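Inspection log for the structure reproduced underneath, given as C-alpha cells.
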Amino acid sequence: MNTESNSTVRARDLGISLEGTPGAANAITDVPGVEVGYATLRPADRSACTGVTAILPRGRRGVGDPCAAGTFSLNGNGEMTGRAWIEESGQFATPILLTNSHAVGAAHAGVDAWMADVAPDVARRWLLPVVAETWDGYLNNINQPHVTPETARRALDAAAGGLLAEGSVGGGTGMNCYGFKGGTGTASRRVPFGADEYTVGVLTQANFGSRRELRIDGRPVGRASAVPCPIEETNWLQEEVDAARVPGGAGSVIVIVATDAPLLPGQLKALARRVPLGLARTGTTGGHFSGDIFLAFSTGNDGGLRSDFPFPGRQQELESIEHVPWGGIDPFFEATVQAVEESVLNALVNNEDVEGRDGHVSPALPHHEVLGAA
C-alpha cells in the first residue's frame, strides 16, 4: 500500500449511495499493472503545501511500452503536456505526473531524467511526458521552487499497486474542492464483457467547484454546510496582490481514466468526454477559471500502436489490434461516470483540515454533514 495517508474513511463508509461494483482496492490500481506513487511536501513551517503524483500505466517494468489514449478538455484554463502527440498518434509511452500549476517544468525535467535511468533506450529517441496541473496557491507558496525534478523522481520511485492514500497527498496536497479540502481521490468499477471482465479505474486531482454547488446523493450539502469557506469568503487575494476576490469554482481538475479493456484511441477519447458527467453528479457546472482536462488510456493490446524508428532492411509488417466494438462500449461509459463521481467524494471525505501558508486554512468536509445527506 502507498501509505502516505490521512484519514481512512471513504465515501462508501459514510453510506453514500454509489452505483456499480468496485474492484478490490476501489482504486485506479485495480487495473492490472497500473502503479501510483506520491511525493508530498508539507514541512512543519508551512512554507510549502504541494507535491507530485506519479502514475505508471504499465508499471515500472512497462515504461516505454505504449498505451492507446485519448484526451478531452472541458475548459482549457490549465495544462497537460503531451496532448499534441496523443492527438496525433493515439498513444503515449511515458509516466503521467500531476502537480501544481507552476511546477510543470520541474516535473517534466524530473520524468525526463528518471526515464533516462530506467528506460535509457527509450529516452535516447525522444520523450513527450504527460504532466498535468491544478493550482494550489491558496495553501502553497506556489511561486517558490518547492517542487524540483528530484521531487518528481521520488514520486516515480514510490509507485506501487494496491491500496492508495487519498486526500492531501502527492499533487493533491494543497488543493481545494467545493470550498473544502480537496486533493487526490480514486475509485474503480468492474465491467463484465462477454465471458471476460475488465476494470475501469480513475484517479482525480480535485481542485474545483464552488461551495454552493456541492451535492451528494442529490442533496445540496455545500449550500447547507455550517463550515466557514475562507477561500471564497475572505479578501485574502485582494490583500496580497490588489486583485479581486477569487471566484467560486476556480482551481481546476485533472482526471486520469485507466482500463485494461482493449479500446481504440477514439473510444478512449469518448471515455474522457464522459468524465464531466461524473463531475456534474457532484454539483459542478464548470467554471471559466478552472482548467478541466482529462486523459483516458488502455493497457490492452500490449505491444500495439508502437512508433519506433525504422531499421534498415527490416520488412514492413501490418499491425493488428483487438478492440471492444462500438456497440458494446456503453458499460464502459457508465463505469467511467460512476468512478469519477466516487473519486471526487473520496478526495473530500478521506481528508483533514489543512493550514498552509500565511495562516490560510482549508477545512475538511465534516463527516456528520455527509451522514445527514446520505
Side-chain angles (χ1 to χ4, degrees), residues 10-12 16-36 55-59 62 65-72 86 90-92 96 161-164 166 184-204 206 253-282 294-305 320-347:
R10 308 186 76 190
R12 288 173 179 264
I16 299 172
S17 177
L18 294 160
E19 299 172 318
T21 303
N26 197 9
I28 193 172
T29 46
D30 287 325
V31 177
V34 174
E35 296 177 350
V36 175
I55 302 171
L56 305 185
R58 297 190 184 277
D65 293 336
C67 290
T71 69
F72 177 68
I86 293 172
Q91 55 89 15
F92 71 106
I96 302 165
L163 299 173
L164 294 180
E166 295 175 295
T184 304
T186 190
S188 70
R189 291 294 184 274
R190 295 173 177 169
V191 182
F193 182 80
D196 299 317
E197 182 179 79
Y198 296 109
T199 300
V200 171
V202 165
L203 187 139
T204 298
V253 55
I254 300 294
V255 180
I256 308 299
V257 181
T259 185
D260 57 342
L263 298 181
L264 299 170
Q267 294 175 318
L268 290 159
K269 182 184 284 286
L271 255 64
R273 287 198 300 268
R274 267 63 185 182
V275 167
L277 301 179
L279 298 177
R281 288 186 175 191
T282 66
F294 321 121
L295 181 152
F297 69 84
S298 168
T299 60
N301 289 307
D302 189 11
L305 293 176
S320 297
I321 58 174
E322 294 183 321
H323 67 90
V324 171
W326 275 102
I329 203 168
D330 280 357
F332 297 93
F333 291 164
E334 181 179 39
T336 300
V337 173
Q338 292 172 351
V340 169
E341 176 190 17
E342 186 167 3
S343 71
V344 174
L345 298 178
N346 282 336

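Values reported hereafter were calculated over all heavy atoms of this structure, with side chains retained and with hydrogens, waters and symmetry mates removed. For clarity, every value in this text was computed on a predicted model and none was experimentally measured. In what follows, residues are counted from 1 in the order of the sequence shown.
Judged by distance alone, with hydrogens and angles left aside, the side-chain atoms of Asn301 form no donor-acceptor pair with the main-chain N or O of Pro262 at under 3.5 Å. Under a 3.5 Å cut-off, the side chain of Thr299 and the backbone N or O of Arg58 do not form any donor-acceptor pair. Side chain of Arg274 to backbone of Ala335: no donor-acceptor contact under 3.5 angstrom is found. In this structure a side-chain-to-backbone donor-acceptor pair under 3.5 Å is present from Thr186 to Ile28. For Asn346 (side chain) and Ala11 (main-chain N/O), a donor-acceptor pair under 3.5 Å exists by modelled atom type. In this structure, Gln338 contributes its side chain and Leu18 its backbone to no donor-acceptor pair below 3.5 Å.
Minimum heavy-atom separation, Tyr198 to Ala261: CD2-CA, 3.6 Å. For the pair Ser188 and Thr199, the tightest heavy-atom approach, listed with the atom from each and the gap, is CB-CG2, 4.2 Å. Contact record, Cys67 with Ser298: CB-O, 3.3 Å, taken as the closest heavy-atom pair. Taking all atoms of both residues into account, the shortest heavy-atom contact from Ser343 to Val202 is OG-CG1, 3.7 Å. Scanning both residues, Arg10 and Asn26, for their nearest heavy atoms gives NH2-O, 2.9 Å. Closest heavy-atom contact between Val324 and Gln267: O-NE2, 2.7 Å.
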ask   = Does the pair Arg12 and Glu342 meet the rule for a salt bridge (charged side-chain N to carboxylate O under 4.0 Å, His left out), with working shown?
value = CA-CA 9 Å; Arg12 288 173 179 264; Glu342 186 167 3; 2.7 Å; yes
Test side-chain contact (heavy atoms from CB on, under 4.5 Å) applied to Val255 and Val344, step by step = CA-CA 10 Å; Val255 180; Val344 174; over 6 Å; no
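Note: Leu305 CG to Ile321 CD1 = 4.5 Å, rounded to the nearest 0.5 Å. Here CD1 of Ile86 is found 8.5 Å from CD of Gln91. Values are rounded to the nearest 0.5 Å. Rounded to the nearest 0.5 angstrom, Leu264 CG and His323 NE2 are separated by 4.5 Å. Note that the CG atom of Leu271 and the CG atom of Leu263 stand 6.0 Å from one another [nearest 0.5 Å].
None of Ile329, Val337, Thr336 except one satisfies the side chain to side chain contact (heavy atoms under 4.5 Å, CB included) rule with Phe333; the exception is Ile329. Of the candidates Ile256, Ile254, Val253, Phe294 forms a side chain to side chain contact (heavy atoms under 4.5 Å, CB included) with just one, namely Val253.
In this structure, Glu322 places its CD atom where only 12 or fewer heavy-atom neighbours from other residues, nucleotides or ligands lie under 6.0 Å away.
Between Phe332 and Val257, every side-chain heavy-atom pair lies at or beyond the 4.5 Å cut-off. A heavy-atom distance below 4.5 Å is not found between the side chains of Glu341 and Leu279.
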